[in-house]
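Worksheet: the structure to be examined is printed underneath.
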Amino acid sequence: MANSPKSTSAAPVLGCRAISKRFGETQALSGVSVDFRAGCVHSVLGENGSGKSTLAKAVCGILSVDEGAIVTTEGPLSSSAQAAISPRMMLSHGVAIVLQEVLVVPNRSVADNIMLGQEGLLRGRLPRDEKNDIARDILARLTDRDIPMDALAGGLPLHEQQLIVIARGFASRPRVLILDESTAPLDLADRAKLFKALKSYCAEGGCVIFVSHRMVEIIELSDHVHIMRNGHLIAELSGDEITPEHLLEHLTQEGADA
Amino acid sequence: MPDDITILAVHDLQLLSDSAPISAEIARGAVVGLAGLDGHGQAEFIESLSGMRAPVSGGVSLSHSEGTFPIRNYNDAAHAGLAYLPSDRKKNGIFPMLGVDDNFLLGNVEGFFTQGFPKGGWLKTAAVDASLESFRKDLSISFATPKTPIRNLSGGNQQKVLLARIMAANPQVLLLNDPTRGVDIGTRHALYAYFRRAVDELGMTIVLLSTELDELVELCDRVFVFRDHAVFEELEQNELTLNRLMQSMFGQSAPAAKQDGKPL
Amino acid sequence: MKSAISSLIEAKFALALFAVLATLTLFLTPGRFAPDALGTTLGLVAPLMLAAIAATPVILAGREGIDISIGPMMGLISVLVVKVLILDWGLTSPFAVIPFALILGGAIGALNGLLAVVLRIQPIVATLGTYLALAGLSTWILPAPKGPVPTWLTWLSEGGSILPLLGAAVIWAMVKRSPLHGNIMAIGGEDRAAYAAGMQVGLIRTCAYVLGGVFAGIAALSLTALLGSADAQVGPNYTLLAIAAAALGGISLAGGKGGMIGAALGAIDIFLIQNLITYMNASPFFLQIAYGLLLVVAVCMNSEVIAARLRSGKTAIGAL
Amino acid sequence: MRLKKNKTMVAYLMVAAIFICGAFGVEGYISTFSIRAMLVISALLIIAASGQTMVMLIGGIDLSIPFVVGFANVAVAQLSSEGLPFAVAMLVVLVMGTAVGALNGALSSALKVHPLIVTLGTGTALLGTVLLVTKGYPTGSAPDYISDFVSIGKSFGPLPVPALVPAVAALALLLYVVETKSLFGRRLFALGANPLAAPFVRVSPLRVWMVAFGFSAFSASLTGILLLGFSGAAFADIGRHYMFQTIAAAVIGGTALSGGQGGIAGTVAGAIALTQLNTILIGLGFDQSLVQAFLGLLIVAVVAVYGRQPHLRTAI
């Protein structure tokens, strides 16, 4: 619960300027502007369908936005860059995502899954032992479980697959790590260890965007909380303001209006 | 309010070969909740009730005015008067490129298609349109025309169409697997009101699995809390609070609370 | 080595079948395996093995990927090598012919990749279109079979028949030493994960088509060597055989599962059956029946449903 | 956008446009004989392609069609030449064909193996069996009533076309009604649109797959029998072109291989368009092989315009 009021002075490492996104008749995001800062855990809280996942997918490059701009440390992406946006492009700006759905490549080893995308297209294959060592180190930060590096990922239980997928997020050494509802299958011990890892990652200057609807986790982890409803960003709380009462107040108050 | 007549009976149902058997009797007109941390067996339990999953041992039966029906598979369940709303709307619910009407009409094959051998199996378009229209009003579903592909609707409206689908057969028991996931709060309250009306006015019985604890507290007469693929605790309405539910889900039972021993 | 062994285990059905067929062949027609006939034997089976290998990378890359234009592609390359390169331009040197065939194969593969990946046409429809286009083009260019071919090329179906196979093996070994193999298997297994992890899914998939085309180029040379001429009508027959061999070799059409060794083994199995049935003097139609049934049995034996049922002993979902 | 929504309409507009091009560009194109011939050829293709369409609606594909066409062609001739009344021979062949089709559906659905491989295997085996029995030299021919039914020169009542053409029109209409207005039709589309959701509305995938593949083999068998009347003598390879033409007709008509979209109405247009194009190109003096190449490119172009798959990012 140590919500030291981390400064808003830290430089933003990622942001959105008035972004909007529409799917058919659904306005998933409307005019969302937000800055994510180095060294902080930013949580995005909201009901299901409030636009949190869409926001996460927009800033990590999976979705392109209809209006507005994504801002990286090098300034706003140009409109041509925005049209051709991809997770690969955002990774080059240091943004990695752990998706809501637990996606492992079933017939590849644990190490291959953790190091997915870390090798080049035609060159730069890592020898197996080296790959296993790197992957093992990353995973050891997240869990005390001993998951064999050569096991096929598809045969593991869901919570171990989830840990592999989170480890994959760390593998590219991102400046910003997005976790989209990524804690559901984890048990309490793994969850505690993960939170510790996230905090130490922030202490080293990383930025975490934690998308969730679990209030308890958000209160434990966050420096800033962004509350969403119906595609709008309706409130932002920082430091000591992050209490169950405040959060509930914002969630329900706006709900009555909508 | 629940009657004292049992409509749905669960006999020594085992979800895993090494998990404790579950027995329960659900009264007509009851709203029974299923809670638990993800992966503790509540999802498998509601799937077993629906006949979609074969339990390791034991079984389920439905009793009403027309007799007692063992539920061995999903077809049995539908014939006996059970209706199941699956949890993952996108994966197991909608037919994305088909119209709202097509997504709706397979819910009541007996009512929307002619029956009997020589002329059976043809669509009664007028009956479908009338029924869909009445559900559109009842549930205030918003869509342009019945032919609009369902993927163009918002999540809440898609869920309402799926609810209309299972309500169309006028079932005795509704099995709802996380019915408000991905649904905005306004729609959510409309759905709660609709569930209440289904129980109070239509005399239905509801089994509700939910990951939203407030929903269980608000709607249920009784909640089964699952741990390790068995019922860890049954909470009655008078002891149903957010805290109590949460404690129970994490495995802390409150022995004092069980003392009243009120019959169902 | 270790990965070769695990590939063999994946192709368990093809391997078991191979053991049975090889034993029968050794007893009944030992001549096939006599040292001095081995080159010719290999020359007979090499085009099918290479066609199966050519069909494999695209299937491995997933998303219902399949290249049914492999057969006509072999046909067109063969036709262009003989008609244009050798007869019209008089270039008969292996240093002209071999690069020409490989580059042409890669280019046609790239075209298929463009249609399936960039234009996002379902692979089976896209390659059906190129199947018809390539087959039509070959027949138009060369309505009747034409030869001859240089002696070094015919030698590739006799004493030197191992060389095209070795060439394919060397290319595949290079692919396996590079990250490309892992990349193809990863996008074949779960392309959404790969995409979110920043992998160039489209480019990798296109590479798989190009790779398949290069193998088809080698297959075309092997086929031209065997025929001693170019024949536009022969190529298209290889498509279905190649896909059958790959399926027999345990390569799942769902992607991400299987390897070259399985495909090659599947092709050898088909050849051995053909050989045995010919030896027994049975009707060629019997071969057709055996081959059809074998294909159905093989694909059923490789079914995940059966594997899962054998593992768990019972089904989880109550059937309707 | 509009174009995407009404692929069937586009297919019919294409038919009209091609007809106009042909009328102006090819001499004799609008002669009675030419139109009659195109109608008969289209009608035969429509029968075979109607089965392919139904299979594609549930996300399958049937590669056994050319083999089943050949099987029916040879088997019905052989059986009738051995003394079986032609009508009985026809019945036997249709039942056998349908049974093999149902087996295709059952294996693919129950074992979750790709129908491409299964249909290829069963088709090959089926044709091999009949060739083994006839030793590759089938005898027998079609009775007059079958020849009259399909022959281009015959007429049906006041219509200047053989009975085949109105019969196929009726068949297509019946299939259209089944697709849109019957329980089976709705289940077909539901299963194609989302196979994982179908069991929850009590659609049995196994049963639907068996019926659809059974129908596909039935329609292929029927085509094979009718082709005997068209060509006179039995020929095992007679169905060769139907492998790709059935798929092409369905695809041009707007039926997606991924299932849940399209239907017989589009396939009728697709088959007519294909037949017209073939006639025009040959009329313009193109070599048969170039016509084939052109049709290949056409399929790609048509699908590139309105049948593209969604980008991967939409699946996440």
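Just so we're clear, the structure is a prediction, and the values are computed from it rather than from any experiment. First the proteins, then the strands, lettered A, B, ... as listed; each starts at 1. Quick note: numbers below take in every heavy atom, side chains included, and nothing from hydrogens, waters or symmetry partners.
Contacts of Tyr291(C) with chain D are made by side-chain atoms alone, with heavy-atom separations under 4.5 Å and no backbone atom involved. Neither the backbone nor the side chain of Val117(C) comes within contact range of chain D; no heavy atom of the residue lies under 4.5 Å from a heavy atom of that chain. Interface remark: Val297(C) contributes no atoms to any contact with chain D (heavy atom separation under 4.5 Å). Residue Val251(D) touches chain C through its side chain alone, counting heavy-atom pairs closer than 4.5 Å. Looking at Ser258(D), the atoms closer than 4.5 Å to chain C (heavy atoms on both sides) sit in the backbone and in the side chain alike. For Leu294(C), no part lies near chain D; criterion is any non-hydrogen pair under 4.5 Å. For Ala110(D), the part sitting under 4.5 Å from any heavy atom of chain C is the backbone (N, CA, C, O) and nothing else. Using a 4.5 Å cut-off between heavy atoms, Ile68(C) contacts chain D through its side chain alone, with no backbone atom that close.
We find the OG1-CG distance between Thr129(D) and Leu293(C) to be 7.0 Å, quoted to the nearest 0.5 Å. We find the CD-CD1 distance between Glu64(C) and Ile61(D) to be 9.5 Å, quoted to the nearest 0.5 Å. Interatomic distance, CD of Gln292(D) versus OG1 of Thr139(C), reported as 6.5 Å (0.5 Å rounding). Between atom CG of residue Leu120(D) and atom OG1 of residue Thr239(C) there is a gap of 10.5 Å, rounded to the nearest 0.5 Å. Summarising the geometry, atom CG belonging to Leu63(D) is positioned 7.0 Å from atom CG belonging to Leu240(C); distances are rounded to the nearest 0.5 Å.
At distances below 3.5 Å, not a single donor-acceptor pair connects side-chain atoms of Arg192(C) with backbone N or O atoms of Leu312(D). Here the side chain of Ser289(D) pairs no donor or acceptor atom with the backbone of Leu137(C) at under 3.5 angstrom.
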### Task
Report the C-alpha distance between Leu131(D) and Gln288(C) in whole Å, list the side-chain angles of each, state the deciding distance to 0.1 Å, and finish with yes or no for side-chain contact (heavy atoms from CB on, under 4.5 Å).
CA-CA 9 Å; Leu131(D) 286 172; Gln288(C) 202 175 342; 3.9 Å; yes
### Message
Please evaluate residues Leu116(D) and Ile124(C) with respect to the criterion side-chain contact (heavy atoms from CB on, under 4.5 Å), reporting the C-alpha separation (whole Å), side-chain torsions for both, the decisive distance (0.1 Å), and the verdict.
### Response
CA-CA 10 Å; Leu116(D) 189 136; Ile124(C) 193 165; 3.3 Å; yes
### Query
Under the side-chain contact (heavy atoms from CB on, under 4.5 Å) criterion, do Gln309(D) and Ile121(C) qualify, and how do the steps go?
CA-CA 6 Å; Gln309(D) 292 179 302; Ile121(C) 302 173; over 6 Å; no
### Query
For His311(D) and Tyr195(C), what are the C-alpha separation, side-chain angles and deciding distance, and is it a side-chain contact (heavy atoms from CB on, under 4.5 Å)?
CA-CA 11 Å; His311(D) 191 278; Tyr195(C) 180 71; 3.8 Å; yes
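The most heavy-atom pairs under 4.5 Å with chain C, out of Ala248(D), Ser108(D), Pro310(D), Ala301(D), come from Pro310(D). The candidate with the highest count of non-hydrogen atom pairs below 4.5 Å against chain C, out of Asp287(D), Val113(D), Ile117(D), is Ile117(D). Taking chain C as the reference chain and counting heavy-atom pairs below 4.5 Å, the highest number among Val300(D), Leu295(D), Leu126(D) is found for Val300(D). Between chain C and the options Ala315(D), Gly123(D), Ala125(D), the largest number of non-hydrogen pairs under 4.5 Å is found for Ala125(D). Most heavy-atom pairs under 4.5 Å with chain D, from the set Thr130(C), Ile66(C), Val125(C), Thr127(C): that is Val125(C). Heavy-atom pairs under 4.5 Å with chain C were tallied for Leu206(D), Val303(D), Ile247(D), Leu257(D); the largest tally goes to Leu257(D). Considering only heavy-atom pairs separated by less than 4.5 Å from chain C, the leading option among Leu132(D), Val118(D), Val130(D) is Leu132(D).
Shown here is Phe235(D), whose CZ atom has more than 12 heavy atoms of other residues, nucleotides or ligands within 6.0 Å. For CZ of Phe286(D), the number of neighbouring non-hydrogen atoms (other residues, nucleotides, ligands) closer than 6.0 Å is 12 at most. The 12-atom threshold is exceeded at CE of Met14(D), counting heavy atoms of other residues, nucleotides or ligands nearer than 6.0 Å.
Checked against Val296(C) for a side-chain contact (heavy atoms from CB on, under 4.5 Å), the options Thr124(D), Leu103(D), Leu107(D) give a single hit: Leu107(D).
Arg308(D) approaches Leu119(C) most closely through the heavy-atom pair NE-O, 2.7 Å. Contact record, Leu297(D) with Ala133(C): CD2-CB, 4.1 Å, taken as the closest heavy-atom pair.
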